[in-house]
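Every value quoted in this text rests on a predicted model; they were computed, and no experiment measured them. In the text below, chain A, chain B and the rest are named by the order of the sequence lines, each starting its count at 1.
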Amino acid sequence: MRDDEPVIDPKLLKPYNPKDTEDRIYKLWEDSGFFNPDVCIEKGTIKEDAEPFTLIMPPTNANGSLHAGHGLVMAIEDLIVRYKRMRGFKTLWLPGLDHAGFETQVVYERKLEKEGRTRFGMDKNELYKEILDFTLHNSKNINGQVRKMGSSCDWSREKFTLDDNVVKTVYQTFKKLYDDELVYRGNRIVSWCTKHQTSFSDLEIKDEERVEPYYYLKYGPFVISTSRPETKFGDKYVVMHPSDERYKEYKDGQKIDLEWINGPITATIIKDESIDMEFGTGVMTITPWHDSVDFEIAERRGLEKEQIIDENGKLLPIAGEFTEMNIKKARPLIIEKLQSKGLVEKIDENYKHVVRTCYKCGTILEPQIKNQWFIKMKPLAEKALEIIQNDKIKYIPEHYKKITVHWLLNIMDWNISRQIVWGIPIPAKICVKCGNGMVDLENKISKCEKCKGEVKQDPDTFDTWFSSGQWPFATLGYPDNKDFKTYYPTDVMETAGEIIFFWVSRMIMLGLYVTGKIPFKTVYLHGLVLDAKGQKMSKSKGNVIDPLILTDKYGTDAFRIGLIIGNTPGTSLSLSEDKIRAYKNYANKLWNITRFVLSNIDEVEYEEDFDNYSKKDKELLKEQDKLIEEITKEMDEYKFYIVGEKIYQYTWSRFADVILEESKKIFASTSEKEIISRKQFLLHTLDKILKILHPFMPFVTEEIWQTMKKGSSLLMVEKWPASTDASQGGPIQND
RNA sequence: GCGCGAUUAGCUCAGUUGGUAGAGCAACCCGUUUACACCGGGAAGGUCGGGGGUUCGAGUCCCUCAUCGCGCACCA
């Protein structure tokens, strides 16, 4: 070895090995404390008066392990956060866990089922404790996997939806809604899952198209049609349009006697304008307890409502001989009986219609009248609409704005009561006598405020989205916490487009309602991660890609940038192993570029002297500055897929294939000026590439940085490159 | 029924305000020249879903149709 031969770290002589690197680098970051903006200020990497940048992580459901969708969240959000941190913002990325009420309970019930147990009949407290243990155990696992992805979130601020202070905020919001008469307890039609024994909001429903027989039945002088004869036992109102000429001989309120399923009944004629004369015979009977349209008519007209089907999907005594029978079993038998009585006009065997099913188990949801808590959404939605229509919140991609507006304009009241154990208990008392509900945060109410009757604790829990809908301000300690004052409103809400209504829109409404401010300025929505064939991943199809297998095989960096490049917001992404492999090669390419640059340079630290650059290198620098300028602009516009491609192109096709090759010739020449200039340029460029690439591929870039700088600084808190002739290093120059 | 997307090279997708079609992967040919074979060089590959319109000029704007995907509302 000659004296002037540079000493290359022997590590660089072998291909880049993520396995030897990632855990060590993550520990280096975590130990540095720089994930916490307070530490950044303390150690001087960020100015105290720097502009804050806040991103609240969608709280991970603590009921399983990391899937490809989480991988995408981490890749995108960590990219955003690392970029902002390097731009000099006081950057907070707050991680969290969601107890995920019903979702988790379903997962846990499956586990119980496998063990031959069931939640029904279990002691409530016992069940709660078991699910809590399960959740806490999973959360450790999940957090380990979030770390594996390289996430630079502030663990010291981690929140759980069941933390005392979060629950306190949720309770106060509930009370405020109650005091403002925006939450009410009332008997309303809800969608009831007979398997899970709980009601849902209008969102937890999956519509399924089915072909089923459709029955035309003789109801006295009328013919009515139905796909659900088993609900018809109690039908004693027959409704038609007041101006329907066919039925003008009948008067509103008129009683008629007729033979029905279980014998003679007296029916009442109702004339109502909500009836569509064009549909069928223009006559229908109503079942207010099990149909929302019928319920609405009955409410409006003050008609009686009678329950026909119980909570288990079995017929009640009104069904006579069919009592206790499961509706599925009862239907053909009822039709048989009707046929024998000559009451079936005809049957259409190929009737196509949509049934509402439980989005988890596919069980047909039974509309039932239930006394539950509902939030009046119209007033909340109106405020949100005003904000959204005035573009106070930026949607990426834009068309989600339209989708949100459309939903808000047609919003329904939100049922927030769930009949499950796993969740935040509703702090309310229910009157045993009159059913009145009273919010009671201090547990002081002992008699009904309306009828002085006895009260009991509401046994229900909140819809999990009611608590997560308050996540941005609940996590930051609304209203008095310093973090709330510094970091709210947050900057970006990055999450799956799928939960635009469930979560994003409700956060906007509740955020505006509680804090009076928008909860975030930008909504960035990503699509689904599909398999290589473009199929949705599902356990039953067996095409689920485990992100940890891919990171293990190709490295986290390769996985991350593979999720970014070729992925535009809002559209789904096909994930193929070929693609990830290609970026593994890219990480190695960068590694070898470093080896070439360092092995040709005698001094690792050069004073940058652009004036003495050769003419050629000045041109190259100009080209590079232009690229940096473009890239920075695109980063600010959240066009990461473009930046990823550009930096990939530049490093590989431009820097490696052309500039490095050309450098070999220059280094063999005799012009000292050109040699020095080129060496400076190579080092300058490597520095810029590492910085730009860091948010995309944090591990390999940091590892190279550590090798070059011999551990004297951390790339994650270096400044984002500005072009050499323009200052654009961020909102605040921190030097 | 209403709404929102998508349709560009074999595959996955870019294509900013209309100005000669791009990338990655795969496939093909050549090449072991000490940064890298987890590589290099080269060539090939598209009437931008169909039709119509606006324009000097359309992948891009307008209309229409088709196919696929996704929401919302559903009707007794």
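When the P atom of A73(B) is taken as reference, atom CD1 of Ile403(A) falls 14 Å away, rounded to whole Å. Between Leu13(A) atom CG and C38(B) atom C1' there is a gap of 16 Å when expressed in whole angstrom units. In this structure, Leu409(A) places its CG atom 12 Å from C1' of C72(B), rounding to the nearest Å. The NZ atom of Lys14(A) sits 20 Å away from the P atom of C39(B) (whole-angstrom rounding). One can place CD1 of Ile642(A) at 16 Å from P of G22(B), the figure rounded to the nearest angstrom. To the nearest angstrom, P of A37(B) lies 8 Å from CG of Asn588(A).
By the side chain to side chain donor-acceptor pair (under 3.5 Å) test, Ser505(A) is found to be paired with no residue, residues two or more places apart in sequence or in another chain being considered. With sequence neighbours left out, Thr357(A) forms a side chain to side chain donor-acceptor pair (under 3.5 Å) with no residue at all. Applying the side-chain contact (heavy atoms from CB on, under 4.5 Å) criterion to Glu304(A), with sequence neighbours excluded, gives Lys236(A), Tyr237(A). Scanning for side-chain contact (heavy atoms from CB on, under 4.5 Å) contacts around His353(A) gives Glu212(A), Ser227(A), Tyr351(A), Val355(A), with sequence neighbours left out. With sequence neighbours excluded, no residue forms a side-chain contact (heavy atoms from CB on, under 4.5 Å) with Ala582(A). With sequence neighbours excluded, no residue forms a side chain to side chain donor-acceptor pair (under 3.5 Å) with Glu674(A). In this structure Lys328(A) satisfies the side-chain contact (heavy atoms from CB on, under 4.5 Å) test together with Asn326(A), sequence neighbours excluded. By the salt bridge (charged side-chain N to carboxylate O under 4.0 Å, His left out) test, Asp348(A) pairs with no residue at all, sequence neighbours left out.
Nearer the 5' end of RNA chain B, as judged by each residue's closest nucleotide, is the contact made by Tyr648(A), out of Phe655(A) and Tyr648(A). With RNA chain B read from its 5' end, the first of the two nearest nucleotides for Ile275(A) and Ser653(A) is the one closest to Ser653(A).
Here the nucleotide nearest the side chain of Phe596(A), chosen from A35(B), A76(B), G40(B), is A35(B). Considering only side-chain atoms of Asp657(A), the nucleotide from C38(B), A76(B), G41(B) that sits closest is G41(B). Distance from the side chain of His353(A) is smallest for A76(B) among the nucleotides G5(B), A76(B), A35(B). With C75(B), C25(B), C38(B) as the choices, the nucleotide that has an atom nearest any side-chain atom of Pro15(A) turns out to be C38(B). Here the side chain of Trp652(A) is nearest to one of C39(B), G40(B), A76(B), namely G40(B). Side-chain proximity of Tyr641(A) to the nucleotides A35(B), A73(B), A14(B) is greatest for A14(B). Checking C74(B), G15(B), C36(B) against the side-chain heavy atoms of Arg595(A) singles out C36(B) as nearest.
The separation of G59(B) from C25(B), taken at their P atoms, amounts to 28 Å, rounded to a whole angstrom. Taking atom C1' in both G53(B) and G15(B), the straight-line distance is 24 Å, to the nearest Å. When the P atom is used for both A9(B) and G50(B), the distance is 11 Å, rounded to whole Å. Atom P of C13(B) sits at a distance of 9 Å from the matching atom of U7(B), rounded to the whole Å. Distance noted for atom C1' between G19(B) and G71(B): 38 Å (whole Å). As rounded to the nearest Å, A66(B) and C75(B) have P atoms that lie 27 Å from one another. For the P atoms, the distance linking U60(B) with G51(B) amounts to 13 Å, nearest Å. G69(B) and A26(B) have their C1' atoms separated by 26 Å, given to the nearest Å.
In this structure, Lys639(A) reaches neither bases nor backbone, as no heavy-atom distance under 4.0 Å exists between it and the strands shown. Backbone-only contact: Phe501(A) has heavy atoms under 4.0 Å from sugar-phosphate atoms and none from a base. The residue Val293(A) sits close only to the backbone: its heavy atoms come under 4.0 Å of sugar-phosphate atoms, none of a base. If you check every strand for non-hydrogen atoms under 4.0 Å, Met412(A) touches sugar and phosphate atoms only. Looking at heavy-atom distances under 4.0 Å, Ala656(A) makes contact with a base. Within the 4.0 angstrom heavy-atom criterion, no nucleotide atom of any strand lies near Glu637(A). When heavy atoms are screened at a 4.0 angstrom cut-off, Ile593(A) is found touching base atoms of the nucleic acid.
Remark: Tyr351(A) is not in phosphate contact with C75(B), judged by side-chain N or O atoms under 4.0 Å from OP1 or OP2. When the side-chain nitrogen and oxygen atoms of Asn600(A) are compared with OP1 and OP2 of A35(B), none of them lie within a distance under 4.0 Å. Here Lys646(A) does not reach the OP1 or OP2 of G22(B): none of its side-chain N or O atoms lies under 4.0 Å away.
Remark: the backbone N or O of Lys271(A) is paired with a side-chain donor or acceptor of Arg301(A) at under 3.5 angstrom. Between the Asp294(A) side chain and the Thr287(A) main chain, a donor and an acceptor come within less than 3.5 Å of each other.
Within a 6.0 Å radius of CD in Glu349(A), more than 12 heavy atoms belonging to other residues, nucleotides or ligands are found.
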Could you go over nucleotides 26-28 of chain B and give all protein N or O partners under 3.5 Å, atom names and distances?
none

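In this model, no side-chain donor or acceptor of Lys402(A) finds a partner on the base of C4(B) within 3.5 Å.
With respect to Glu382(A) and Lys378(A), no salt bridge is recorded, no charged nitrogen being found less than 4.0 Å from a carboxylate O.
Neither side chain, Tyr16(A) nor Glu703(A), offers a donor N or O lying under 3.5 Å from an acceptor on the other. Defined by atom type and a distance below 3.5 Å, a donor-acceptor pair is present between the side-chain atoms of Gln624(A) and His684(A).
Within residues 201-231 of chain A, the residues having any heavy atom closer than 4.0 Å to RNA chain B are, in order of number, Tyr214(A), Ser225(A), Thr226(A).
In RNA chain B, runs of at least 3 stacked Watson-Crick or G-U pairs (N1-N3 plus N6-O4 or O6-N4, or N1-O2 plus O6-N3, all under 3.5 Å) give these stems: B:1-7 with B:66-72, B:10-13 with B:22-25, B:28-31 with B:39-42, B:49-53 with B:61-65.
Residue Thr522(A) forms a side-chain contact (heavy atoms from CB on, under 4.5 Å) with just one option from Lys394(A), Glu494(A), Met493(A), and that option is Lys394(A).
Judged by the 6.0 Å and 45° rule, Lys401(A) forms no cation-pi pair with Tyr395(A).
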Original post:
How does protein reach along nucleotides 7-13 of chain B, written 5' to 3' as B (base within reach of a heavy atom under 4.0 Å), S (only sugar-phosphate), or - (no contact)?
Top reply: -----SS
**OP:** Could you give me the CA-CA distance, side-chain angles and deciding distance for Arg300(A) and Asp272(A), then say whether salt bridge (charged side-chain N to carboxylate O under 4.0 Å, His left out) is met?
**Re:** CA-CA 10 Å; Arg300(A) 198 153 36 78; Asp272(A) 196 280; 3.1 Å; yes
